[in-house]
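Atoms within a ligand are numbered from 1 in the order they appear, just like the ligands themselves. Values reported hereafter were calculated over all heavy atoms of this structure, with side chains retained and with hydrogens, waters and symmetry mates removed. For reference, positions follow the sequence shown, starting with 1.
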Amino acid sequence: MENQNKSDIGLIGLAVMGENLALNMADKGWNVSVYNRTVPGVEEGVVQRFTGGRARGKSIEGFTDIAGFVASVAVPRKIMMMVRAGSAVDELMEQLFPLLSEGDILIDGGNSNYEDTDRRVMLAEKKGFRFIGAGVSGGEEGALNGASIMPGGSASAWPEVKSVLQSIAAKASDGTPCCDWIGPASSGHFVKMIHNGIEYGDMQLIAEAYWVMKKLLGLDNEQMADIFARWNEGKLRSYLTEITAGILRHKDKAGGYLIDKILDAAGQKGTGKWSVINAMELGMPLGLIATAVFERSLSAQKSLRDAASRQFAGQRLQAVYNKPEMIQDIHSALYASKLVSYAQGFAVLQRASDAFGWQLDLASIARMWRGGCIIRSAFLNDIAAAFQAQDKAGIPRHLLLAPYFKNEIQQQLPGWKHLVMQSMKEELPVPAFSSALNYFYSLVSAKLPANMIQAQRDYFGAHTFERTDELRGLFFHENWTGRGGETKSGTYNV
Ligand code: NBP
């Protein structure tokens, strides 16, 4: 009786994501209460505009007072927050706490920093509530028609929110919802962060492929669009490949192609940067995403690049290429580099899982990204299958060691190498293609020149080294100059 006439779920924050998620929930048959803070003095607030507009006639009830909103939701309450990441979430939680009952569930669907989520899970649980940090990907379109949702946090809350969240998630081609439980604490937001980092990498790789086609092969926008459209029928089938073809064909209202009029200075909001910072904290290589982030930063230094380009005249060879062959090489470089990027991203997830005790299921995460989100692609099916096979065989979870991908990368290597070499000769930057190739060469090198680094560290700072003719874990110091002492620096890892 307590829950009679109450909503199934409450949603706070009626900006682009919140509005569309509320409509998606209502379309799936849920009764939804919505709330947005009101700005004093504004006659028609966000809530009225929504309930009187797009939400009219739907099972959505609007509230402009937070207490009435909370009281309208069935207990244990499920309240999803879709507000700006950062202090807004903390402020909102402070307002909600006095109004909640024990066991109520708060879901933060924004792009929160995972460390904030760790703190919030602990805070909410200490107060007797439950907290889920859910990464949501797919933008406006995904929010309305099916997003990829990555929830993690208070485990006991999952059975209570599962049916709502899975109902509004995208469905993969086999019908599985692109939403499943990720793990404890901030794991959902961490996975979403790496998802966004991978998105940065995919976009940089596609941009480089476009640039080589344009600058080395001299293809026009329609020819390039045809190539991307064709690639979208094969192994590179993905949302980003598809939209690239559409972008290349798009005409400007004033005439010509819009792509040619867009300034080459990329913006960023921070999730790529966070991915790289956290990979560094975990001691993991995430070079491709780092390159993508740095290239955005360098692109934004437009006037510096303009000045530098006037000082250093290029020495282009103007070589003539066999275009079909070169296009195949670009395909190889794009596919192989993408593989490296995903291998690096998933390896960071594995390390985070080990470090924080999350027990992440990498195959399940790959499956969750197959629909709804920006990096959705056919290739994620192969990734999920590769991780599943590695788990069964009990071998290390690294994508490049999976037999299927080992074979794939071997096939791409000649074209990938050729493309990077030609681009370097022609002074055309392909930083992500070459970063991926260098990672691959380093990975497959049983020996690297790190012995020199260790020698230098020991020479100037007594940082010690391990020896090839002794057991691992034994550290030695050499008195290199005869002037130093025998005292070692403490050994530490970063
Ligand atoms: P925004 O990130 O622009 O946030 C706007 C919402 O936050 C509005 O409802 C606003 O209320 C509310 N808000 C703010 Br700002 N400060 C508040 C406070 N102190 N207390 C209560 N509410 C506050 O909206 P969005 O683009 O819909 O994104 C929502 C979340 O989803 C963000 O974390 C975002 O990073 C994430 N996300 C966005 C996308 C996307 O494509 N946009 C995709 C995936 C995830 P107001 O109307 O009164 O200003």
Within 6.0 Å of NZ in K28, more than 12 heavy atoms from elsewhere: yes

Under 4.0 Å to a heavy atom of G13 - the qualifying atoms of ligand 1, by number: 9 (O)

Plane angle bin for F405 and F379 - parallel if under 30°, tilted between 30 and 60°, otherwise perpendicular: perpendicular

N or O pair under 3.5 Å between S137 and ligand 1: no

Atom 24 (O) of ligand 1 - nearest protein heavy atom and its distance: A15 CB, 3.3 Å

Closest protein heavy atom to atom 29 (C) of ligand 1, given as residue, atom name and distance to 0.1 Å: M82 O, 3.6 Å

Pairing of R367 and D180 as salt bridge, 4.0 angstrom limit: no

Heteroatom distance test (M17, ligand 1): nitrogen or oxygen, under 3.5 angstrom: yes

Geometric class of the W369/H195 ring pair [parallel <30°, tilted 30-60°, perpendicular >60°]: perpendicular

Per-atom contacts, ligand 1 versus L14 - under 4.0 Å to a heavy atom: 9 (O)

L288/S337 under side-chain contact (heavy atoms from CB on, under 4.5 Å): CA gap, chis, key distance, verdict: CA-CA 8 Å; L288 195 132; S337 305; 4.3 Å; yes

Candidate with minimal heavy-atom separation from atom 16 (N) of ligand 1, of R84, R37, E140: R37

Residues, nucleotides or ligands: over 12 heavy atoms within 6.0 Å of K261 NZ: yes

Which residue and heavy atom of the protein sit nearest atom 19 (N) of ligand 1, plus the separation: E91 OE1, 2.8 Å

Ligand 1 to V83 polar contact by distance, N or O atoms, under 3.5 Å: yes

Per-atom contacts of ligand 1 with G110, taking only distances under 4.0 Å to non-hydrogen atoms: 30 (C), 31 (O), 32 (C), 33 (O), 36 (C)

Option set T38, I374, N111, criterion heavy-atom distance to atom 33 (O) of ligand 1, minimum: N111

Numbered atoms of ligand 1 (with element) below 4.0 Å of A88, judged on heavy atoms: 16 (N), 17 (C), 18 (C), 19 (N)

Mutual orientation of the aromatic rings belonging to W358 and Y114 [parallel < 30°, tilted 30-60°, perpendicular > 60°]: perpendicular

Parallel, tilted or perpendicular, as decided by the 30° and 60° cut-offs, for the rings of F228 and W231: perpendicular

Nearest-contact summary for atom 44 (C) of ligand 1 - protein heavy atom, Å: V136 O, 3.2 Å

Residue and atom name of the nearest protein heavy atom (relative to atom 26 (O) of ligand 1), distance in Å to one decimal: V16 CG1, 3.4 Å

Whether W416 and F440 hold their rings parallel, tilted or perpendicular, with breakpoints at 30° and 60°: tilted

Numbered atoms of ligand 1 (with element) below 4.0 Å of G139, judged on heavy atoms: 41 (O)

